[in-house]
Each structure stands twice: as structure tokens, then as C-alpha cells.
Amino acid sequence: MRLRWTLTLAFVALAVLQVALVVPLAVRSLSALLGRQLDKRIDQQLVAVDTEAARLEDDIRHRMDELAASQALEDVARDAARVPAPPHVTTAASNLMTPRGLDVLALLDDEGRTLSSGHLPARLGEPDDPLFAVTRQPARKVTPALVEVSTADGLAQQPAIVVARPVDYGDRRLWAVGGVRLGQVHAETLARLTGARVEISVGKQLIAAAGDGGVGPVVRTRAVGEAATITLLFSRADFYTTRTQLLGAFMALALFGLFLSVALGLVVSIRVSRPVDALTAAAKEIAAGTPGVMVDPRLASGELRALVETFNRMTTDLKGATDKLVASERIAAWQEVARRLAHEIKNPLTPIRMSLETLLAASQRGPLDERFKGLFTESAKAVLEEVDRLKRIVDEFSQFARMPKPQVADLDLTATVQAVMSLYAPHGGVTYESVLTPRVKVSADRDLLTQVLVNLIKNAEEAMPQGGRVTVRVQVDGALAVMEVEDEGPGVPAELKARLFEPYVTTKAQGTGLGLAIAHRIAQEHGGRLEVFDGATKGARFRLSVPRLG
Ligand code: ADP
């Protein structure tokens, strides 16, 4: 479980790290990109400002050209020399200015004195230096200039775009200097063209303003000669909106990625940890003493599957080795017991036999009391007989201790069991029942299997002194042939089960405790096993299983 969380956390950490590294980078380059785009757009708007300025200049130039060529101006030039000047000369500038859409117009003599002023009639007869300076400009050059106008607060300087035109009459030269004052109309036009807030100012004084500067504006200024400054404030609102939208999309993508990596992390970690957990659990079980625990290889794939399969092979090998070890240890142990027993019993037998033989010989040699003689001979014979029997038993036992390998042959287990069962008839309340699957074939020693069966039936009978049913079964279980003997006795007590197949384990007064030990050994010699289970009712069920043929 811990492995699973560690792996998932590692995935999440990796994903978070990735997002943490990528997001600031993305934000920075995104902002830079959007900033560059904004700059480009502003540059385009500024070109529009310049175009509009050029259009205004052209406009002024044309109007002034038309004025310069007009008959009206020629009349003024002609009459300007007269003293006093006729009234139409002094009012000429006003009259000529308005219809031509100009709002600055001064007629100056060759020394810069005002003959007539449209925008400041009060200037009459006085020099107008800023406007006269314009006459020094190259011909037809439109220039910014500060002109004086009268306002409610007195005289004020206002920026204007003007151009000067000479008007010659005879040898007199007059100057017509006229143009357009920069003001609200221009601010509005530029604001409309650029979408920015436009402020026209002279020095620190704001003359006109239009449009909305929006959020965190980018400020650009344009000098109108030395006369004025146009300040453009381009809103960053779009920039911020786009950036927020893109960042939102990016964050959503990053979150999705994060979610995906968490999910992926979980899936991968489950795939990795499941077999590892199963392996750990299996290893723990084996360590706790359950041999042969397997892990399902379908839990894993790739290298982990190979690991699980190797693990399974190892546990199988280990179980096989352990089983063999245990079996051979047990065999060795009880063979040792058998050998000792045989030795112990055999030892006194030889002297007993020798002395009895001597006695017998002596009694036959000399004349002895006839009755004693007869009795002695009889007794000695009986002793000899007993000794012979003892020796036979011991010989048999020794023989068993050196039990030879089973003589295996292909065998019909069903037929073998059937043949044995035909010898049993109900007696003393005990009945026999055979449940036989036909033609179950094994490779085995017929006599040894018969010995096991007879032994198990004898135990079953002894477990039911009051009578009952002994059921004998032959069946197939996968690759195994199974022979079972079940009774209705009291069953095998739990504490006895573990030691049941060891030699000399018996609960019977006359028992040897060898029957099951021998049966168990026979089962092992056949590559099979003998096991004890609880019966269907309360009795015991002994099950011999050996590899099946075919
Ligand atoms: P013995 O029969 O000489 O005691 P075994 O090795 O055949 O030796 O049996 C060992 C012991 O196992 C018996 O003493 C008995 O306690 C127990 N046992 C064997 N078979 C059964 C059975 N069918 N029901 C109950 N106990 C049994």
C-alpha cells in the first residue's frame, strides 16, 4: 500500500514540478508576445496619426494656395498702401478666413506689422513675431506655431499649424500667414482614428482631450514642433483580457495535465504495487510457515510478471525440497527407531536360545526324572517356539525398516480396490460401501496399495466398536487418482492430526502406531500423499492420492 502511494505521489510531484516550471515560463513568453503585438498595433496607429497630420498640412496648404490666388486678397494688397487704410483692409482677414475653413489668418506687411488679423483683430498695427517668423520658412512649408488669441481670460497662446504666402502688388510685398488651430476637433479625430485617448497640450497646459485611456495605458508622445505636444494613451485592456483568457486556457490545460498524471500515476502504481503487494504477502506467509504459496501471474505484466513467475517457481521448488526434507527426516527418524528396536529385541534372543539349546541337550543326555524331563522338554519347546515367533516379528520389522522400493506396474486402481472389497462382508454392526469410478489407472505396487487399504479399513473398523459404515471411494481429481476410506467413528482429535503419520503414535492399548506410518511412507514412495480430513458426518476420512495414468 505504501508503495502505491509513494509512486502516485512521485507522479504528482513530477507533474506539479513540470507545471511549476512551465507556467511561469509560459506566462513570461506569453506576456512578451502580447506586448510585442500591442507595440506593433500602436506603431500602426501612430502611422495613422502621421497620415492625418500630413492630410491636415496638405489641407492647409491648399486653402492658403487658393487664398493667395484669390482676387479678394489682391484687392487688399492694392489698398493696403493707402493711408488710412480703407476698412475692408482691416477686416479682410476675418472675411477671408472663415469661408476657407481657417481659424488663423494674419495679413502682415513686409516688416511684420499686422495689417489685419482674423483670429486676433486687436493686434492691428502691431508686429506679430511668431507668425512673421513663419514667413522665414522655405516656401509652402507648413509649420507648427503658437498663436495668440483672445479668450475670456485674456490673451492665450494656442498651437496652430500655419503656412505663409507672399502677396506682391507692384513693389509692395504683403504676407498672408494662416492655418488651423489645434483643438478639440483634432483630438477627437485622432482619438477616433487610433482608439486611444488623445491629449493636446502646450507646455503643461491641456488644450484639448478626447477618448478613453482605458486600463494601464501605454503612453506615446508626438511633438508638434515646439508649439504643442500630442500625448496618446493606448489602453492595455485588450492586452490584459487576452492574456487572462490565454492564461486561463493554459492553466486549465495544466490542471487537466495534472489530473491526467495523477490518474496515470494511480493506474501505473496500482499495476506495479498489486503484484508487489501480492509478492510481499506471499513471502510473509511463507516466512510464517505456509509453504508453496503462489501469486497469480495475471496480476502483473512484463518484468513484474517474470518476477512473479520466478517467485512461484522458487516457492514450488522450495516446497518440493522442504517436503522431501521433512519426509526423509521422518523416514530416517523412524528407521532409526526400528533399527534400535530390532537390535534391542534381538540381543537377548540369541543367549536365550543358546541356553535353552544347552538345557535341552543336557536333559536328553543324562537320566532324569521322567516327569521333569517331559515337562522341561515341553516348556523348552514352547520357549523355542516363542523365541522363533519373536525373531520372525523382529525380522519382519527389520525388513520393513529396510523397505525396498515399490515394484510399480500399470494398475487399475478401481479393479484392485474392488477385489479387496469383495473380501469384506458386514459383521459386528460394520457395513461396507464402495463408490468406485471405473478404470482409474495408476502406476503402483499392487501389494503395497492393498496393504494401505487394508490398514485404513482396519483403523476404520477399530474406530467404530459399536458398528457403522465404512465407505471406500476411488475417484479422479485432476491429474491424481484418489482412494478414500471414510468411517463414522469419533474422528481424529485435532492435536493428534499433526503427528498421526509418525511411527509409534497410537492411542490403542494393543496398537503399534506403525500402520499409518507405513501407509504414509508407501504413499510417498509412489510420489503421492496420504492425508486425513474430517468425515462428512463426525468420522475420519483418509485420502491417498497418487499420480494418475492417462
Ligand atoms: P495403530 O492402529 O496401531 O494405533 P496407526 O498408525 O494405524 O496405529 O494409527 C495411529 C492412531 O491414529 C491410532 O491409534 C488412532 O488413535 C488414530 N486413528 C487411525 N485411524 C483412525 C480412524 N479411522 N479414526 C480415528 N482415529 C484413528
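Whatever order the structure lists ligands and atoms in, that order sets their numbers, starting from 1. The basis for the numbers below is simple: all heavy atoms, side chains too, and nothing from hydrogens, waters or symmetry mates.
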**Study point:** Options Leu456, Asn455, Asn459, ranked by nearest heavy atom to atom 7 (O) of ligand 1, top entry
**Key:** Asn459

**Study point:** Glu309 with Arg305: basic N within carboxylate O range, under 4.0 Å
**Key:** yes

Revision key, fill the gap. Correct closest heavy-atom pair for Val440 and Thr414 would be N-OG1, 3.0 Å

Practice item. Could you check Leu206, Val219, Leu190 and say which one makes a side-chain contact (heavy atoms from CB on, under 4.5 Å) with Glu199? Key: Leu206

Check your understanding: Which ligand 1 atoms does Gly491 reach within 4.0 Å, using its non-hydrogen atoms?
Key -> 25 (C)

Exercise for review: Closest by any non-hydrogen atom to atom 2 (O) of ligand 1: pick that one out of Arg541, Glu462, Met464, Lys508.
Suggested key: Lys508

Point to revise | Check ion pair Asp317-Arg313 (N to O, under 4.0 angstrom) | key: no

Practice item. List the steps, then state whether side-chain contact (heavy atoms from CB on, under 4.5 Å) holds for Met483 with Leu453. Key: CA-CA 8 Å; Met483 179 177 84; Leu453 179 59; 3.9 Å; yes

Revision key, fill the gap. Contacts of Arg446 meeting side-chain contact (heavy atoms from CB on, under 4.5 Å) (sequence neighbours excluded), chain-then-number -> Leu411, Thr416, Thr450

Revision key, fill the gap. Min over Ile457, Val532, Thr507 of heavy-atom distance to atom 15 (C) of ligand 1 lands on Thr507

Exercise for review: Assess Phe501 for proximity to ligand 1: is some non-hydrogen atom of it under 4.0 Å away?
Suggested key: no

Check your understanding: Has ligand 1 got any nitrogen or oxygen that is less than 3.5 angstrom from a nitrogen or oxygen of Lys458?
Key -> no

Check your understanding: Going by the order shown, which atoms of ligand 1 are within less than 4.0 Å of some heavy atom of Thr506?
Key -> 1 (P), 4 (O), 14 (O)

Check your understanding: Which atoms of ligand 1 have any heavy atom of Leu500 under 4.0 Å away?
Key -> 12 (O), 17 (C)

Point to revise | Enumerated ligand 1 atoms positioned under 4.0 Å from heavy atoms of Leu516 | key: 5 (P), 6 (O), 7 (O), 9 (O), 12 (O), 19 (C)

Point to revise | For Asp487, the ligand 1 atoms whose distance to one of its heavy atoms is below 4.0 Å | key: 22 (C), 23 (N), 24 (N)

Review point. Which class fits the ring pair Phe501 and His520: parallel under 30°, tilted 30 to 60°, perpendicular over 60°?
Key: parallel

Review point. So, for Leu30 and Arg243, which heavy atoms are closest and what is the spacing to 0.1 Å?
Key: CD2-O, 4.4 Å

Check your understanding: Is Leu496 touching ligand 1 with its side chain, its backbone, both, or neither, if touching means heavy atoms under 4.0 Å apart?
Key -> side chain

